[in-house]
Enquirer: 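Before we start, here is the structure in question, set down as structure tokens.
Start at 1 and go down the list; that is how both ligands and their atoms are numbered. We're numbering straight along the sequence, starting at 1.
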Amino acid sequence: MTDDTTAAKLGLTDAELAVHPTVFASGALKDRVVVVSGGAGGIGRAIAWLCARLGAHVAVVGRNQTKLDSLVAEMADRDLKASAYVTDIREPDAVNALFDTVWAAHGRVDGLINSAGGQFPQAAIDFSVKGWNAVINTNLNGTWYMMQAAAQRWRDHKHPGNIVNIVVVTTHGLHGIAHTIAARSGVIGLSRAVAVEWAPLNIRVNCVAPGVIETEGWNVYSPAARAAYPRSNPMMRNGTTFDVAEACVYFAAPSGKFVTGEMLTVDGGGQLWGETWTTGKPAYFGGDDT
Ligand SMILES: CCCCCCCCCCC/C=C/C(=O)SCCNC(=O)CCNC(=O)[C@H](O)C(C)(C)COP(=O)(O)OP(=O)(O)OC[C@H]1O[C@@H](n2cnc3c(N)ncnc32)[C@H](O)[C@@H]1OP(=O)(O)O
Ligand SMILES: NC(=O)C1=CN([C@@H]2O[C@H](COP(=O)(O)OP(=O)(O)OC[C@H]3O[C@@H](n4cnc5c(N)ncnc54)[C@H](OP(=O)(O)O)[C@@H]3O)[C@@H](O)[C@H]2O)C=CC1
């Protein structure tokens, strides 16, 4: 959490997301049904707004009914179609019930965007068993349960589908969250494997790796750590949730119809150059963290 008890206001507001300019045509996702896990969170929220603005009915998924209902209401005020589904992605039975409910309500599901996830900063050597398992369970197991449940129904209904998994940059520069690097590296490898296995089923699977994207999820990190984030990439700024949302729509819309097993990194070039110390840069590396 931040140094004080109040969370910082970070990221784009609903009012901004409702009108943010986009390169996509207004009907790019017309009549599609898209499930967005973490849909009331920072990145997931931007994804939900953009998909709905492009004509989709968005099923927003999370654990907090109030957050989900608030988003759905904001979207309904602008004649955008969305429904709230309280589901913990770590519970496979609940995930299967979610997809049965959405399919029964709409007669189809066209896409799944897994944005639910997260972690906490801590030196790996200090991870507790519970803490390690919490990050792996949320980000690897939960994402998998959502992927498999969607794919089984696309197979059974002989319906095309596509999945976009939000991960993190695993190749360079994210220090202090080795548990999430392990979990997301697993998601990336899993996505590549099933992209091949599920191609005969007309199911595409891709990943988007955000860099420093300003959202309220950053409140698990200290203000001092957050202050350094803009300097962690050669563009010397934070990205926005809308940057990630448009990357997701590229894969989810017909624009991505011949792309599967890929990963699009949206990080301002950070993985090529920058470094992000979520727990403070140790003195050994020239930082001031003793
Ligand atoms: C992440 C990068 C750092 C900088 C950010 C910008 C840099 C750019 C690079 C971007 C990389 C990604 C950024 C982001 O993801 S932004 C934020 C996304 N959102 C979140 O992270 C959500 C907040 N996190 C969580 O909810 C939890 O961490 C978790 C995802 C694990 C889910 O928690 P869960 O509810 O399953 O479990 P608990 O909260 O009950 O905790 C279980 C045990 O886990 C240990 N734990 C949890 N939090 C901490 C902590 N802050 N410090 C130490 N240990 C922690 C602990 O053992 C818990 O058990 P106990 O409570 O019994 O001790
Ligand atoms: N912001 C950034 O800089 C970056 C973020 N990412 C990743 O992008 C994804 C979204 O991040 P961001 O939007 O910033 O984070 P937020 O914390 O804002 O959003 C995460 C969302 O996931 C939901 N969620 C968490 N756990 C579960 C669960 N078990 N079941 C269902 N929903 C869950 C939360 O809702 P609720 O609590 O209501 O369940 C929340 O809405 C995460 O995986 C994050 O690690 C990756 C790189 C950079």
Enquirer: Considering only the protein, which heavy-atom contact is closest to atom 18 (O) of ligand 2, and what is its distance?
Expert: G42 N, 2.9 Å
Enquirer: Measuring from the heavy atoms of E216, does anything fall under 4.0 Å of ligand 2?
Expert: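 Distance cut 4.0 Å: E216 fails for ligand 2.
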Enquirer: Do G44 and ligand 2 have an N or O pair less than 3.5 Å apart?
Expert: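 No, no N or O pair falls under 3.5 Å.
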Enquirer: Hey, does Q119 sit under 4.0 Å from ligand 2 if you only count heavy atoms?
Expert: yes
Enquirer: Taking distance alone, with no angle check, do G39 and ligand 2 share an N/O pair under 3.5 Å?
Expert: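 Between G39 and ligand 2, no N or O pair is found under 3.5 Å apart.
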Enquirer: Are L17 and T241 side-chain neighbours, meaning at least one heavy-atom pair lies under 4.5 Å?
Expert: yes
Enquirer: Which one of A225, G118, G38, S232 has a non-hydrogen atom at the shortest distance from atom 30 (C) of ligand 1?
Expert: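 Result: the heavy atom closest to atom 30 (C) of ligand 1 is in G118.
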Enquirer: Around atom CZ of R237, are there more than 12 heavy atoms from other residues, nucleotides or ligands closer than 6.0 Å?
Expert: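 No - once you tally the heavy atoms of other residues, nucleotides and ligands closer than 6.0 Å, there are 12 at most.
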Enquirer: Of the listed options (S222, A183, G131), which comes nearest to atom 43 (C) of ligand 1 when hydrogens are ignored and any heavy atom counts?
Expert: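 Among S222, A183, G131, the closest heavy atom to atom 43 (C) of ligand 1 comes from G131.
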Enquirer: At the 4.0 Å heavy-atom cut-off, does G117 count as touching ligand 1?
Expert: yes
Enquirer: Number the atoms of ligand 1 from 1 as they appear, then name those within less than 4.0 Å of a heavy atom of R90, with their elements.
Expert: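 Within the 4.0 Å cut-off of R90, ligand 1 contributes 34 (P), 35 (O), 36 (O).
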Enquirer: Atom 48 (C) of ligand 2: which protein heavy atom is closest, and how many Å away?
Expert: G211 O, 3.0 Å
Enquirer: Which ligand 1 atoms does V220 reach within 4.0 Å, using its non-hydrogen atoms?
Expert: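 In order of numbering, the contacting atoms are 23 (C).
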Enquirer: Of the listed options (K130, Q122, R226, H175), which comes nearest to atom 62 (O) of ligand 1 when hydrogens are ignored and any heavy atom counts?
Expert: K130
Enquirer: Provide, to 0.1 Å, the distance between atom 39 (O) of ligand 2 and the closest protein heavy atom, together with that atom's residue and name.
Expert: R63 NE, 2.7 Å
Enquirer: Consider ligand 2: state whether an atom of it lies below 4.0 angstrom from any non-hydrogen atom of G11.
Expert: no
Enquirer: May I ask whether T241 has any heavy atom positioned less than 4.0 angstrom from an atom of ligand 2?
Expert: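 The answer is no: ligand 2 sits nowhere under 4.0 Å from a heavy atom of T241.
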Enquirer: State which residue, out of I181, V212, D267, fulfils the side-chain contact (heavy atoms from CB on, under 4.5 Å) condition with L174.
Expert: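 Running side-chain contact (heavy atoms from CB on, under 4.5 Å) over I181, V212, D267 with L174 returns exactly one hit, I181.
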Enquirer: For ligand 1, indicate whether the residue N137 contacts it via side chain, backbone, both or neither (heavy-atom separation under 4.0 Å).
Expert: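 It is neither; nothing of N137 touches ligand 1.
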Enquirer: Scan side-chain atoms only and decide if T240 and D243 contain a donor-acceptor pair under the 3.5 Å cut-off.
Expert: yes
Enquirer: Work out whether the distance between some heavy atom of R184 and some atom of ligand 2 is less than 4.0 Å.
Expert: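 For ligand 2, residue contact (heavy atoms, under 4.0 Å) with R184 is present.
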Enquirer: Relative to each other, are the rings of W132 and F127 parallel, tilted or perpendicular (30° and 60° limits)?
Expert: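 W132 vs F127 ring planes: tilted.
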Enquirer: Please determine if Q119 has a nitrogen or oxygen closer than 3.5 Å to a nitrogen or oxygen of ligand 1.
Expert: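 For ligand 1, there is an N or O atom that lies under 3.5 Å from one belonging to Q119.
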Enquirer: Quick test of your reading: applying ring pair (Phe, Tyr, Trp, His ring centres under 6.0 Å), list the pairs with at least one residue in residues 253-280, sequence neighbours left out, ordered by first then second residue.
Expert: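 Qualifying pairs, neighbours excluded: H175-W277, W277-F285.
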Enquirer: Does any N or O of ligand 2 fall below 3.5 Å from an N or O anywhere on T138, backbone included?
Expert: no
Enquirer: Rounded to the nearest 0.5 Å, what separation is found between the CG atom of N202 and the OG1 atom of T260?
Expert: 10.0 Å
Enquirer: Run the numbers for me: atoms of ligand 1, each under 4.0 Å from some heavy atom of S128, listed by number.
Expert: 57 (O)
Enquirer: Is it the case that ligand 2 has an N or O less than 3.5 angstrom from some N or O of N64?
Expert: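 Yes.
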Enquirer: Is G41 close to ligand 2, meaning an N/O of one under 3.5 Å from an N/O of the other?
Expert: yes
Enquirer: Would a distance-only check, ignoring hydrogens and angles, find a side-chain to backbone donor-acceptor pair under 3.5 Å from R231 to A227?
Expert: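 Side chain of R231 to backbone of A227: a pair is present.
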Enquirer: Counting from 1, what ligand 1 atoms have a heavy atom of T276 closer than 4.0 Å?
Expert: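 That gives atoms 7 (C) of ligand 1.
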Enquirer: Is any NZ, NE, NH1 or NH2 atom of the basic residue among K281 and E275 found under 4.0 Å from an Asp or Glu carboxylate oxygen of the other?
Expert: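 Here K281 pairs with E275 in a salt bridge, since their nearest N and O are under 4.0 Å apart.
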Enquirer: Quick one: do the R153 and N96 side chains pair a donor with an acceptor below 3.5 Å?
Expert: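 Looking only at side-chain atoms, N96 and R153 do form a donor-acceptor pair, the distance falling under 3.5 Å.
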Enquirer: Find all atoms of ligand 1 within a distance of less than 4.0 Å from any non-hydrogen atom belonging to G217, and give their numbers and elements.
Expert: 17 (C)
Enquirer: Let me check something: any side-chain donor-acceptor pairs from residues 140-149 under 3.5 Å, sequence neighbours excluded? List them with distances.
Expert:
residue, atom, partner, partner atom, Å
N141, ND2, N137, OD1, 3.0
T143, OG1, N139, O, 2.7

Enquirer: Measure from the ring center of H157 to the ring center of W103 and say whether it is less than 6.0 Å.
Expert: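 Yes, ring centres under 6.0 Å apart.
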Enquirer: If you measure every N or O of I43 against every N or O of ligand 2, does any of those distances drop under 3.5 Å?
Expert: yes
Enquirer: For ligand 2 and I166, I'd like to know whether there is a polar contact (N/O to N/O, distance under 3.5 Å).
Expert: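 Among all N and O atoms of I166, none is under 3.5 Å from an N or O of ligand 2.
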Enquirer: V34 and F251: same hydrophobic cluster, using ILVMFWY side-chain contacts below 4.5 Å?
Expert: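 Shared cluster, yes.
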Enquirer: Under 4.0 Å from a heavy atom of T278: which atoms of ligand 1 are those, numbered in the order shown and with their elements?
Expert: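 Heavy-atom distances to T278 below 4.0 Å select 2 (C), 3 (C), 4 (C).
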Enquirer: Would you mind checking which non-hydrogen protein atom is closest to atom 35 (O) of ligand 2, with the distance to 0.1 Å?
Expert: K67 NZ, 3.6 Å
